[in-house]
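Have a look at the structure below before the remarks.
All values below were derived from every heavy atom in this structure, side-chain atoms included, with hydrogens, water molecules and symmetry-related copies excluded.
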Amino acid sequence: MHVSSSPRPELPQDYYLSNFTRMVNDVVGRYRSLLNDDELRWIREFDTLPHSGRCLCVRLLSRKGPVFRTDKLRYPEIDDLAGAITALLDAGMIQPFQPGSWSQLAPWVTKAEILRYVPAGLGKLRKPELVAQLELQAHPLPELALIVLSQTELLETLLLLYFGNARQDLAQFVVSDLGIQVFENYSLDPSLNAFEQRSQLEAARQLSQLDKRRQLASEQKDRLAILALADELPLPLPWPRWERRRQRLLLEIAREYERDKQPQQALALYQHSQLAPSRERQARLHLNADAPHRARPLVRAMLDQPENEQELTVARRLGKKLNRIAPFEYPQLAPPQIQQCTLTLNGKDAPIELLVAEHYQAQGWQAHYCENALLNALFGLAFWPAIFAPVQGAFLNPYQLGPTDMFSPQFTQTRRDAIDRILSRWQPAQLLDTFDQKQGIANYWVNWDGISRPLIESALSSLSHAQLTACFRRLLFDLKANRSGHPDLFLTRNNRCLWLEVKGPGDSLRDNQIRWLTFFDDHDIQAAVCYVTIDASSDD
């Protein structure tokens, strides 16, 4: 993330109201035809509220609810809180809430408050036990002013239309307003809208709600709640982006069936997903069930047309396993020829990568501890025009680091012509020009704090055009997985470069690191893994 060096602006106290209004106006301007009558009526009512009422409404929408105690609401910018509450009640945006039992009231009272109503000597009981005592005694409920928000799903709908996901919220505006992130000026023409019909929006909302429930159940280790979601999954969707999300959720549920020792139920779900690791999981379940004849076509398909790098790696391992059962043709790759070196360094209170960098600097190398930042930045600079190209549904708001399909196969499929042009025509000077022109602008691929112009120049002068083009093609094959696993250090000396993966005691190479080091060897790019031992006895 790039942080601006200029002084951060002072935000007004009601900055959140301005941000909310900005979002609503944009959504209405682009998607009025998708909003139903109740939603449009709510927006009109909101516009007629007094300033304090609008502030309170946005505050409540942004908090975890939907029930609130009015005596706990304190906002210094809202000088007439009582008037704001009355305005929201009159508009029907909030309703009085009256719990019918101590159990219903419990979430909004503290243990200290509950102790006022129970006999002395029960202070060591937990809050649920105290609540049970009060219910047993049929103790009258205290009079608390509670309110409940109406139409709480409206904010979710607005956020989904504006951001296209359930992860971002109004805090994104603050990141931009404070200058913490600066975004590219890409096209937001309404003709490129992501949502075209209400049914598409409803499907997206349903998936977002199901995934939230899955995440909550996962945090609470409630496996039964996750398994129950299978019955609520929608049928296959005609919109590729949301169908991928549906299938990802399906995979999560299927994996939970595996963990629950229900392989047949897991298989039934896996068979309805084309996303990795569906074929892998199916093949493993068939092997576990002593049915290799069912695993073979799955592994063959993974070998012939792998969806990503990891699926290909796993397919080779499964092919080897199948071959031990009966003859099965699979690529028997020679062990990767990875160069190795060993170093024993004095123990210091510093990361071993920096210790290795210092060692090589003493030998005349320029050492950069950049890990994944360098190759990703070169890719981001080279493919900047393709990343921010005007594509249907790619950009929904001004606060994106890249298109919505950045890490899906659709990215390359949709932009094939532009990508092919870049691969055949890019030049080092163009990357440097883009670095100068776009410096500080947010991009998924460019970590501005992890690179510098001299580092980019060093890479462009020590790696050939063909070598970098090969790296770009490998990234394009699996944009999500291949953006990690790059070596820790990039070393240059006399226009020669050396990639170095640093491993301390007990550390070993991961699959993605082995793949990159093997790729470098295949393309005559000097790379090695450096195993480091720390000599603590020599510590100063």
Report task. Give a yes or no on whether a salt bridge exists between Asp37 and Arg41, defined as a side-chain N under 4.0 angstrom from a carboxylate O. Result -> no

Query raised in the report: How long is the gap from CG on Leu237 to CZ on Arg246, to the nearest 0.5 Å?
Result: 6.0 Å

Query raised in the report: In Å and rounded to the nearest 0.5 Å, what is the CD to CG distance from Gln366 to Leu489?
Result: 13.0 Å

Report task. Report yes or no: do Asp189 and Ser191 form a side-chain donor-acceptor pair below 3.5 Å? Result -> yes

Requested in this report: Check whether any side-chain N or O of Gln437 sits under 3.5 Å from a backbone N or O of Thr434 as a donor-acceptor pair, and report yes or no.
Outcome: no

Query raised in the report: Do Phe411 and Thr414 come within less than 4.5 Å of each other through their side chains, counting heavy atoms only?
Result: no

Query raised in the report: Phe407 and Tyr444: aromatic ring centres closer than 6.0 Å?
Result: yes

**Report entry** Lys480-Gln310 side chain donor-acceptor pair, cut-off 3.5 Å
**Finding:** no

Query raised in the report: Side chains of Asp38 and Gln151: do they bring a donor and an acceptor to under 3.5 Å?
Result: no

Query raised in the report: Are any of the side-chain heavy atoms of Asp47 and Val24 separated by less than 4.5 Å?
Result: no

Report task. Please report the C-alpha distance between Cys55 and Tyr75 in whole Å, then the side-chain angles of each, then the deciding distance to 0.1 Å, and finally whether the side-chain contact (heavy atoms from CB on, under 4.5 Å) criterion is met. Result -> CA-CA 9 Å; Cys55 285; Tyr75 301 111; over 6 Å; no

**Report entry** Note: Arg279-Glu307 ion pair, threshold 4.0 Å (strictly below)
**Finding:** no

Requested in this report: Ignoring hydrogens and angles, tell me if any N or O in the side chain of Gln467 forms a donor-acceptor pair with the backbone of His523 under 3.5 Å.
Outcome: yes

Query raised in the report: Is the distance between the ring centroids of Phe379 and Trp426 under 6.0 Å?
Result: no

Query raised in the report: Hey, does the side chain of Ser278 reach the backbone of Ser273 with a donor-acceptor pair shorter than 3.5 angstrom?
Result: yes

Requested in this report: Starting at CZ of Arg245, measure out to OG of Ser208 and round the result to the nearest 0.5 Å.
Outcome: 6.0 Å

Query raised in the report: Do we see a donor-acceptor contact under 3.5 Å between the side chains of Glu243 and Gln247?
Result: yes

Query raised in the report: For Glu39 and Glu153, what are the C-alpha separation, side-chain angles and deciding distance, and is it a side-chain contact (heavy atoms from CB on, under 4.5 Å)?
Result: CA-CA 10 Å; Glu39 291 161 347; Glu153 70 282 357; 5.9 Å; no

Report task. Under the side-chain contact (heavy atoms from CB on, under 4.5 Å) rule, what do Cys370 and Leu455 come out as? Steps first, then yes or no, please. Result -> CA-CA 9 Å; Cys370 51; Leu455 173 59; 4.3 Å; yes

Report task. List the steps and the verdict of salt bridge (charged side-chain N to carboxylate O under 4.0 Å, His left out) for Asp26 and Arg22. Result -> CA-CA 6 Å; Asp26 184 88; Arg22 192 191 322 171; over 6 Å; no

Requested in this report: Without swapping roles, check the side chain of Asn372 against the backbone of Gly485 for a donor-acceptor pair under 3.5 Å.
Outcome: yes

Query raised in the report: With no hydrogens and no angle check, do the side chains of Asn512 and Arg515 hold a donor and an acceptor under 3.5 Å apart?
Result: no

Query - With Phe395, the ring-ring contact (aromatic ring centres under 6.0 Å, His included) member among Phe183, Tyr186, Phe163 - result: Tyr186

Report task. State whether Asp405 and Arg415 are salt-bridged, where the test is any N-O pair (Lys NZ or Arg NE/NH1/NH2 against Asp/Glu carboxylate O) under 4.0 Å. Result -> yes

Requested in this report: Show the numbers, then the answer: is there a ring pair (Phe, Tyr, Trp, His ring centres under 6.0 Å) between Trp499 and His486?
Outcome: CA-CA 9 Å; Trp499 289 97; His486 311 172; 7.2 Å; no

Query raised in the report: Are Phe46 and Phe20 an aromatic pair by the rule of ring centers under 6.0 Å?
Result: yes

**Report entry** Exercise: do Trp42 and Ser150 side chains pair donor with acceptor under 3.5 Å
**Finding:** no

Query - Side-chain heavy atoms of Cys471 within contact of Leu378, under 4.5 Å - result: no

Query raised in the report: Does a salt bridge link Arg453 with Asp436, judged by any charged N lying under 4.0 Å from a carboxylate O?
Result: yes

Query raised in the report: Is Arg214 salt-bridged to Asp211, going by a charged N under 4.0 Å from an acidic O?
Result: yes

Report summary line: One should read off an interatomic distance between Trp516 CH2 and Leu475 CG, to the nearest 0.5 angstrom, of 4.5 Å

Query raised in the report: Out of curiosity, Leu460 CG to Cys497 SG, how far, rounded to the nearest 0.5 Å?
Result: 11.0 Å

Query - Sole residue of Glu256, Glu258, Glu252 in salt bridge (Lys or Arg N to Asp or Glu O under 4.0 Å) with Arg281 - result: Glu258

Query raised in the report: Does the gap between the ring centers of Phe195 and Trp242 come in under 6.0 Å?
Result: yes

Query raised in the report: Taking the side chain from Thr48 and the backbone from Glu45, do they hold a donor-acceptor pair closer than 3.5 Å?
Result: yes

Report task. Give, for atom CG of Asn397 and atom CE of Met23, the distance between the pair rounded to the nearest 0.5 Å. Result -> 10.5 Å

Query raised in the report: Is a side-chain donor or acceptor of Asn308 paired with a backbone partner of Asp478 at a separation under 3.5 angstrom?
Result: no

Query raised in the report: Is the backbone of Ala276 close enough, under 3.5 Å, to the side chain of Glu280 for a donor and an acceptor to pair up by distance?
Result: no

Query raised in the report: Any side-chain heavy-atom pair from Leu56 and Ile78 closer than 4.5 angstrom?
Result: yes

Query raised in the report: Is the centre of the Phe97 ring less than 6.0 Å from the centre of the Trp108 ring?
Result: yes

Report task. Dump the intermediate steps for side-chain contact (heavy atoms from CB on, under 4.5 Å) on Leu201 and Thr157, then the final yes or no. Result -> CA-CA 8 Å; Leu201 172 61; Thr157 298; 3.9 Å; yes

Query raised in the report: If we ignore angles and hydrogens, is there a donor and acceptor under 3.5 Å between the side chains of Glu77 and Tyr16?
Result: yes

Requested in this report: Tell me, please, whether Phe519 has Arg474 positioned over its six-membered ring: NZ or CZ under 6.0 Å from the ring centre and within 45 degrees of its axis?
Outcome: yes

**Report entry** Minimal non-hydrogen separation, Met93 against Cys57, with atom names
**Finding:** SD-SG, 4.2 Å

Report task. Kindly say whether Leu275 contributes a backbone atom to a donor-acceptor pair with the side chain of Arg244 at under 3.5 angstrom? Result -> no

Query raised in the report: Do NZ/NE/NH1/NH2 and the carboxylate oxygens of Glu202 and Arg198 come within less than 4.0 Å?
Result: yes

Query raised in the report: With distance as the sole test, does Asn376 use its side chain to make a donor-acceptor pair with the main-chain N or O of Trp445 at under 3.5 Å?
Result: no

Query raised in the report: Is Gln427 reaching over with its side chain to a backbone N or O of Ala429, donor-acceptor style, under 3.5 angstrom?
Result: no

Query - No-hydrogen, no-angle side-chain donor-acceptor test under 3.5 Å, Arg425 and Gln430 - result: no

